[in-house]
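Below you'll find the structure, written out as structure tokens, and then a few comments.
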Amino acid sequence: MSSVPSLFPVFVDLRDRPVLVVGGGAVARRKSAALLEAGARVTVGAPALDPTLAGWVRQGRVVHVSGVFEAGWLDGAWLVVAATDDDGTNRAVAAAAGARRVWANVVDEAELSAFHVPSRIRRGPLQVAISSGGGAPMLARAVRERLETRLDDSLGPLAELLTRRRHRIRARLTDIAARRRFFDRLFDGPLPALLRRGARDAAERAFEQALAEAPAQSTGSVALVGAGPGDPGLLTLRGLRLLNEADVILHDRLVSPEVLDLARRDAERIEVGKQAGNHRTTQAQIHALMLEHAGAGRRVVRLKGGDPFVFGRGGEELQVLRAHGIDYEVVPGITAALACGAYAGIPLTHRDHAQSVRLLTAHCRDPSDELDWASLAAGSQTLAVYMGVGGLERFGERLVAHGRAPSTPFALVENGSRADQRVVTGRLAELAERAREHHIASPALLVVGEVAALADTLHWFGAPPLGGCRPEALPHAA
Ligand code: SAH
């Protein structure tokens with residue numbers, strides 16, 4: 001995060017409001033033209049005016065105050081733009097405006113400006129404003145150019161049509177969630193294409209039909225969405241679409257902030273983080289929240305780290321939704337085992353080393369009661385273990401006790417796929433020691449099997465693995 005606070009964007013309504021432009025040259029003319037277009041009452045103060053400006057004065061479009069700037073010119077002005085080529089005058093304008101609490105912009109002088117004029121893209125009443133805070137105007141300009149080509153021309157007439165119909169839409173669809181659905185369908189429907197072709201009448205008809213057919217009450221639903229392991233690039237397109245349509249997002253603590261940033265700004269976000277031993281929201285409370293919001297007609301996204309059906313209690317949540325007759329859908333996500341394998345350079349299967357992969361969890365409880373250790377200890381397979389870091393020591397010991405070779409390679413992948421990913425590799429006999437030595441913290445995935453050693457040579461993401469499966473690290477017994 002930058003230490004400089006970013007500018008606060010606003011769009012101001014200048015209709016019939018007095019605005020002062022100081023300067024009489026080409027820059028002052030351009031600024032005056034933009035202000036006039038916004039409906040401002042423009043006064044230009046300067047000793048002499050450029051011919052076009054002088055023409056506007058004769059037509060009564062702007063008022064001219066002749067002479068050298070004095071603070072009294074600011075009386076009654078809402079904004080002032082200093083557009084002279086004299087640094088001293090520009091500074092005097094900024095200082096006088098500051099003293100009177102009038103917002104001042106000094107053209108091309110970010111430091112002196114209390115407000116900045118952004119680069120902008122216009123499609124009728126729809127405007128996109130871009131600012132770099134004054135520090136990198138060329139970058140803002142480049143971004144503007146890129147966006148220009150992406151935002152098609154139908155947006156202008158579309159914004160006009162919606163502005164004209166605004167009150168009717170509100171009167172017909174009083175429920176905000178129902179309105180939101182109507183707009184989503186409208187934008188996905190034939191209307192934009194009709195406007196793009198200039199088929200205005202057909203567009204009006206399409207709009208009327210969509211409004212007439214829109215359900216007045218929205219029905220709620222829950223989408224169980226896998227957010228993947230952290231890297232936002234690993235979210236599915238379908239998951240992204242649902243996040244953009246959501247009214248409410250119930251997310252786990254494990255979901256990365258970068259993924260949440262992709263969701264609709266005004267969706268209500270509720271963290272239902274669960275930490276082992278310190279349950280902040282119980283599973284029953286999560287069920288109640290889903291039922292409450294979906295029951296009120298909202299579109300709920302239940303966003304889970306990784307895949308919702310892999311150690312995510314997604315199954316239980318669907319059973320509850322089913323029992324209460326709530327519509328649901330499930331969007332898979334990239335589970336930690338697949339992500340950690342890929343991002344650590346560990347192929348989970350490999351013709352020479354492992355013909356199967358097992359996903360298992362040894363979370364919290366004493367694993368000895370629940371797992372079939374003899375089969376877990378068998379060779380030629382890869383184990384991907386989802387677990388709290390606390391259980392590592394016992395896990396390694398038990399595998400060895402049941403016959404897996406102490407020299408079997410392991411890899412611990414902490415924060416897999418995230419910028420702070422760390423990988424520790426070694427041999428099973430030294431698993432606990434290595435984890436402690438490197439202070440491995442949750443979330444971390446343990447990979448056991450010959451393939452884990454490949455991380456030492458195939459790694460490509462982030463820092464190289466710590467430790468390593470060096471032969472000299474082998475315990476003598478092996
Ligand atoms: N549904 C999730 C798993 C939830 S259980 C999924 O499919 O990935 C939580 C465990 O998943 C953590 O204790 C950790 O073992 C593992 N995990 C989740 N995200 C991880 C990540 N980015 N890096 C390493 N392990 C992760």
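Ligands are counted one by one from 1 in listed order, and the atoms in each one are counted from 1 as well.
- Counting heavy atoms of neighbouring residues, nucleotides and ligands inside a 6.0 Å radius, atom CZ of R238 does not exceed 12 of them.
- Atoms of ligand 1 found under 4.0 Å from any heavy atom of L445, numbered from 1 in the order shown, are 24 (C), 25 (N).
- Judged by the shortest distance from any of its heavy atoms, G305 lies inside the 4.0 Å radius around the atoms of ligand 1.
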>> Please determine whether side-chain contact (heavy atoms from CB on, under 4.5 Å) holds for the pair V272 and Q285, giving the CA-CA distance in whole Å, both sets of side-chain angles, and the decisive distance to 0.1 Å.
In response: CA-CA 9 Å; V272 290; Q285 284 168 321; over 6 Å; no

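- Qualifying ring pair (Phe, Tyr, Trp, His ring centres under 6.0 Å) partners for H350, counting only residues two or more places apart in sequence or in other chains: H353.
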>> Let's go through Y386 and L360 carefully: what are the C-alpha distance in whole Å and the side-chain angles of both, what is the deciding distance for side-chain contact (heavy atoms from CB on, under 4.5 Å) to 0.1 Å, and is it a yes or a no?
In response: CA-CA 6 Å; Y386 295 66; L360 59 137; over 6 Å; no

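- If you look at N415 next to ligand 1, the close heavy atoms, those under 4.0 Å, all belong to the backbone.
- Every atom of ligand 1 is numbered from 1 in the order shown, and the set under 4.0 Å from a heavy atom of T335 is 6 (C), 7 (O), 8 (O).
- Within the 3.5 Å criterion, the main-chain N or O of A212 finds a donor-acceptor partner in the side chain of R172.
- Here's the thing with C340: none of its N/O atoms is less than 3.5 angstrom from an N/O atom of ligand 1.
- For atom 4 (C) of ligand 1, the choice among F311, Y386, F309 with the nearest heavy atom turns out to be F311.
- The part of M387 lying near ligand 1 is the backbone, judged by heavy-atom distances below 4.0 Å.
- Classified by interplanar angle (parallel below 30°, tilted 30° to 60°, perpendicular above 60°), the ring pair Y343/W460 is tilted.
- Taking distance alone, with nitrogen or oxygen atoms compared against 3.5 Å, I334 stays at or beyond that limit from ligand 1.
- Distances below 4.0 Å separate heavy atoms of A336 from the following atoms of ligand 1: 6 (C), 7 (O), 8 (O), 16 (C), 17 (N), 18 (C), 19 (N), 20 (C), 26 (C).
- Annotation: V310 places an N or O atom under 3.5 Å from an N or O atom of ligand 1; distance criterion only.
- The part of A444 lying near ligand 1 is the backbone, judged by heavy-atom distances below 4.0 Å.
- By the side-chain contact (heavy atoms from CB on, under 4.5 Å) test, P464 pairs with H459, sequence neighbours left out.
- Heavy-atom contacts of V413 reach the following atoms of ligand 1: 24 (C) (cutoff under 4.0 Å).
- On a distance-only criterion, G312 and ligand 1 share no N/O pair closer than 3.5 Å.
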>> Between R180 and D247, does the salt bridge (Lys or Arg N to Asp or Glu O under 4.0 Å) criterion hold? Intermediate values first, please.
In response: CA-CA 9 Å; R180 216 170 260 153; D247 300 311; 2.6 Å; yes

>> I'd like to know whether E317 forms a salt bridge (Lys or Arg N to Asp or Glu O under 4.0 Å) with R322, so could you lay out the CA-CA distance, the side-chain angles of the two residues, the decisive distance to 0.1 Å, and finally the verdict.
In response: CA-CA 9 Å; E317 294 177 8; R322 168 117 208 139; over 6 Å; no

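- At least one N/O-N/O distance between D307 and ligand 1 falls below 3.5 Å.
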